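Below you'll find the structure, written out as structure tokens, and then a few comments.
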Amino acid sequence: MAEWSRTERVVEYVEYRVPTGPLGGAWNQLQQAINADVAELRGERTAEWEPYDDAIRVFPLDDAVVLRFEKPTT
């Protein structure tokens, strides 16, 4: 009997990218990207709604900080 399995999942995601360069990036640019990300996730919900803790993932790259969230399936 096989002890392995296979799963295939197609995922769409949205990324907000903040360039950093050799001297880093400006904090307000990161904050603006976070605000835009949250607003897009919020959609038609009330202004008090906040995304769950791990809805937005942060990826530090060599030349940018990337904020990513998965698009909900329709």
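Predicted model only: the values in this text are computed from it and were never measured.
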Under the side-chain hydrogen bond (donor to acceptor under 3.5 Å, both in side chains) test, residues paired with E70 that sit two or more places apart = R9

Members sharing V66's hydrophobic cluster, built from side-chain contacts under 4.5 Å between Ile, Leu, Val, Met, Phe, Trp and Tyr, are F59, L61

With sequence neighbours left out, write down each residue that passes side-chain contact (heavy atoms from CB on, under 4.5 Å) with V10, or none if nothing qualifies.
-> none

Test side-chain contact (heavy atoms from CB on, under 4.5 Å) applied to P19 - qualifying residues, sequence neighbours left out | none

E8 meets the salt bridge (Lys or Arg N to Asp or Glu O under 4.0 Å) criterion, sequence neighbours left out, with R6

Quick one: do V14 and V11 end up in the same hydrophobic cluster if we chain Ile, Leu, Val, Met, Phe, Trp and Tyr together by side-chain heavy atoms under 4.5 Å apart?
-> no

Smallest heavy-atom separation, V58 atom then L67 atom, equals CG2-CD2, 3.7 Å

Inter- and intrachain pairs under side-chain hydrogen bond (donor to acceptor under 3.5 Å, both in side chains), touching residues 51-61, at least two apart = none

Summary of side-chain hydrogen bond (donor to acceptor under 3.5 Å, both in side chains) pairs that have at least one residue in residues 14-31, sequence neighbours excluded = E15-R68, Y16-E40, Q31-N35

Rounded distance (nearest 0.5 Å) linking atom CG of L41 with atom CZ of F69 = 4.5 Å

What pairs of residues pass the salt bridge (charged side-chain N to carboxylate O under 4.0 Å, His left out) test when at least one of them lies in residues 42-52, not counting sequence neighbours?
-> R42-E50

